[in-house]
Every structure is written in structure tokens, then in C-alpha cells.
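A quick write-up on the structure given underneath.
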Protein chains: 2
Amino acid sequence: MRIEDEIKQEKFSSVYTKLLINIVYTGNKISFKTNEILKEKNLTLQQYNVLRILRGQHPNPATVNMIIDRMLDKMSNASRIVDKLELKKLAQRTMNKVDKRCADVLITSKGLALLNELDEEIKASEKSVIHLTLKEVKTLNDLLDKLRG
Amino acid sequence: MRIEDEIKQEKFSSVYTKLLINIVYTGNKISFKTNEILKEKNLTLQQYNVLRILRGQHPNPATVNMIIDRMLDKMSNASRIVDKLELKKLAQRTMNKVDKRCADVLITSKGLALLNELDEEIKASEKSVIHLTLKEVKTLNDLLDKLRG
DNA sequence: ACATAATATCTGTATATACATATATTTGTA
DNA sequence: TACAAATATATGTATATACAGATATTATGT
């Protein structure tokens, strides 16, 4: 469905503005679905993303800075998201021995298990929402990579 | 730059997950630039988007429901964003004569003037951030439209 | 070694947001 | 017509977020 019909707007001030709106709208739409699944597990999208970053590092720890660097939403407050994950025993913070400014953040086995539970469901949801062939998925990825320069 | 390098993650649990991350990351990156410009005018991204919706209707009023329908982020609270715009005299609410449940929302001349000031700057910023040919922009728009089904 | 800058993280505070619920009005139906 | 359901919006409340410092530690230049 054309983005014009989706948000009921025929004209955009430029093709670039239209593209940005299309990207953000589409991202939100897919994220919305994922969010529904996460809600059942009492996770926010950002908490989920940080958990995945921690799993990517496991069994090595990440630092808060590393998390900020890899987060999708650079605006947000990584330190407090880690607070929330720690509160739920999904992650654990320990002081870095070498650089005492850094906090080592590790995903716990409970965190790993939770992600494991979610993996298949979210993968299936994303696949069912993305109406593209594998070739189109690749083209789209390549164009987005090129877009950012 | 490949999304893998951008967020320093080599493997994704599926190509669909990778695509979603790529879309959200790219949208955030462009939005971040736009947000910098809006901050100088004391506008949030969402307030800006609602203002543009109101301009699209002008000189006819929009209703809150219409705004929700056209917003990029369906999660958010349109009524309170209109509150903020009204507080800044950028929009105005009046009761709909026919259906008293509805609030007619109109952009003010101050709102129109503000958008006018922003138009060129934001258009230029978006264009400079999107490193694609016009043909690629079109392909990307088409693929995103198809993705959503 | 000392002072200064840079870095990593944390925290106070104001604002924004999500969610559930409340309120008012209109629509549909028996 | 009366009454339940649907619709449009607003609001209370808990939580999340952004932003601006604050704090602690490490790196750098002299």
C-alpha cells in the first residue's frame, strides 16, 4: 500500500521527506507488532534491544558505552535501561577491574533464557509482517546501507 | 556503510530481523538530524508531525481522531500533543458544531509561519543526509510500500 | 608529578508517553 | 422512545525519556 494512502497525504514537500516518512512509518509498524509480543514478557523494545546487545557479547561483558554505541535509538538513556534489566535479574553490573570508570554489564542466564523464549516468536512475527521476497529484502538492506553513506 | 558495521553486530537471528533493525536504525539516524533543527524552534518531532498534518488540512480543521490516523507513531497521545501546540498558539481547538464529541483542530497563522520557516532547512538537511539517486529513492519507497503489504 | 582535559557513568528534574479509565455524545435497535 | 453499544476525546497515574549537570577515574601535556 502506498505511503500516500497509508497516512492519507497526497503531497510531500520533497521526495526525501516522503522517503523519511515512509521509513519511519514502516519501522514503527513492524516494531508495533514486536512490541505486542514483548509486552507479554514485561519488556520494552529498548530493554529487548539492550538484552540482545548483551547476548551478542556473552560470555564477555559489555560496558554502558558499548551499549550506547550499538543502540538503535541513540537518544535514550542506556544506564537506566540497564538499571531496569538488573532489577529484573536479566542483567548484572560489576565494576571493571582495569578501568574503574567502566561498569561491566553481563546478561544473566535468566536473561538468556528469556531471549531464547522470544526468538522464534519474534522471528515468525517479523517474517509474516514483511511481504517481500528474499531478493527484495537484500535490495532493501543494500539501499538503506547506501542511504546512510 | 553496512548495518553490521554500523551497530557492530555480524550475525542476526534472521534476514527479517536484520532488515527491521536496518529500517529502524536508518529512520532514527535521519530523524535525529531533523530533531536538531526542531530543537532550536522548541518543537518535538511529534509536535512537528502533527503541525504538518494540520497544515495538510488547512483551511479545514482536523479532528484528534484524524490526527491519530495519520500519525507516524500510533502509540502516542495525540490529544496532549494538541494541548502543547495550543499552549504555544500554534494550533487552536474549537468544538465541532455537528458532532459535539469532536474537537476541531486548526493550525494558526503562527503555526503556518513556523512551518514555513522550517521547510527549506529541513528539506535541505534531509536531502544532504540521504545519499541516494532519485531512482534509488523511488525504488526504496516502492519496496517499503510493498513490504507493508 | 601536577594540573587540566577527557572519558565513563550516574542522577536530579522536568517533560513526555502509555495505558487504563472516565466523560460526553451519538448511533443503533428492540 | 429508551437503553445499550459505539465513538471521540480527555485525564489520572505510573513509568520512561531527554537533558543538564555531578562524580569518579584515567589520559595527556608540561
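Each chain gets a letter, A, B and so on, in the order the sequences are listed, and its residues count up from 1. Values reported hereafter were calculated over all heavy atoms of this structure, with side chains retained and with hydrogens, waters and symmetry mates removed.
Ranking D:dT11, C:dA16, D:dT9 by closeness to the B:Gln47 side chain, first place goes to C:dA16. Distance from the side chain of A:Arg80 is smallest for C:dT11 among the nucleotides C:dT9, C:dT11, D:dT9. The side chain of B:Ile81 sits closest to C:dT17 out of D:dA16, C:dT13, C:dT17. In the set C:dT9, C:dC10, C:dG12, C:dT9 carries the atom at the smallest distance from any side-chain atom of A:Cys102. Here the nucleotide nearest the side chain of B:Asn65, chosen from D:dA16, C:dT9, D:dT9, is D:dT9. If you check D:dA10, C:dC19, C:dT9 against the side chain of B:Arg93, the one that comes closest is D:dA10.
Side-chain atoms of B:Ser14 do not come within 3.5 Å of backbone N or O of A:Lys123 as any donor-acceptor pair.
For A:Glu121, there are no side chain to side chain donor-acceptor pair (under 3.5 Å) partners, not counting sequence neighbours. Checked against side chain to side chain donor-acceptor pair (under 3.5 Å), B:Arg101 has the following partners two or more places apart in sequence or in another chain: B:Asp99. Contacts of B:Glu126 classified as salt bridge (charged side-chain N to carboxylate O under 4.0 Å, His left out), with partners at least two apart in sequence or in another chain: none. Residues satisfying the side chain to side chain donor-acceptor pair (under 3.5 Å) test with B:Asn116, not counting sequence neighbours, are none.
Protein atom CZ of B:Arg70 is 14 Å distant from nucleotide atom P of D:dA8, rounded to whole Å. For the pair B:Asn77 CG and D:dT9 P, the computed distance is 12 Å after rounding to whole Å. Rounded to whole angstrom, the span from the CG atom of B:Leu38 across to the C1' atom of C:dA16 amounts to 16 Å. Atom pair B:Asn96:CG and D:dT9:C1' shows a separation of 12 Å (rounding to whole Å applied). Distance, B:Asn42 CG to D:dA18 P: 17 Å, rounded to whole Å. Put simply, CG on B:Asp83 is 14 Å from P on C:dT15, counting in whole angstrom units. Protein atom CD1 of A:Ile67 is 14 Å distant from nucleotide atom P of D:dT17, rounded to whole Å. Counting to the nearest Å, the C1' atom of D:dA18 and the CG atom of B:Asn28 are 14 Å from each other.
Here CG of A:Leu118 is found 10.0 Å from CZ of A:Arg52. Values are rounded to the nearest 0.5 Å.
Salt-bridge formation is detected for the pair B:Asp5/B:Arg2: a Lys NZ or Arg NE/NH1/NH2 atom is positioned less than 4.0 Å from an Asp or Glu carboxylate oxygen. Salt-bridge formation is not detected for the pair A:Asp104/A:Arg93: no Lys NZ or Arg NE/NH1/NH2 atom is positioned less than 4.0 Å from an Asp or Glu carboxylate oxygen.
The side-chain hydrogen bond (donor to acceptor under 3.5 Å, both in side chains) with B:Glu4 is formed by just one residue from the set B:Gln9, B:Lys18, B:Lys11; it is B:Lys18. Between B:Leu144 and the options A:Thr26, A:Leu144, A:Leu143, a side-chain contact (heavy atoms from CB on, under 4.5 Å) holds for only A:Thr26.
Applying the 4.0 Å criterion to OP1 and OP2 of C:dA8, one finds that A:Thr63 has every side-chain N and O outside that range. At the phosphate of C:dA16, neither OP1 nor OP2 sits under 4.0 Å from any side-chain N or O atom of B:Gln46.
The nearest heavy atom of DNA chain D to B:Ala62 and to B:Lys39 marks one nucleotide each, and the one closer to the 5' end goes with B:Ala62.
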Provide a list of protein-nucleic acid N or O atom pairs under 3.5 angstrom, restricted to nucleotides 3-5 of chain D.
none

With B for base contact, S for sugar-phosphate-only contact and - for none (protein heavy atoms under 4.0 Å), nucleotides 24-29 of chain D reads BBS---
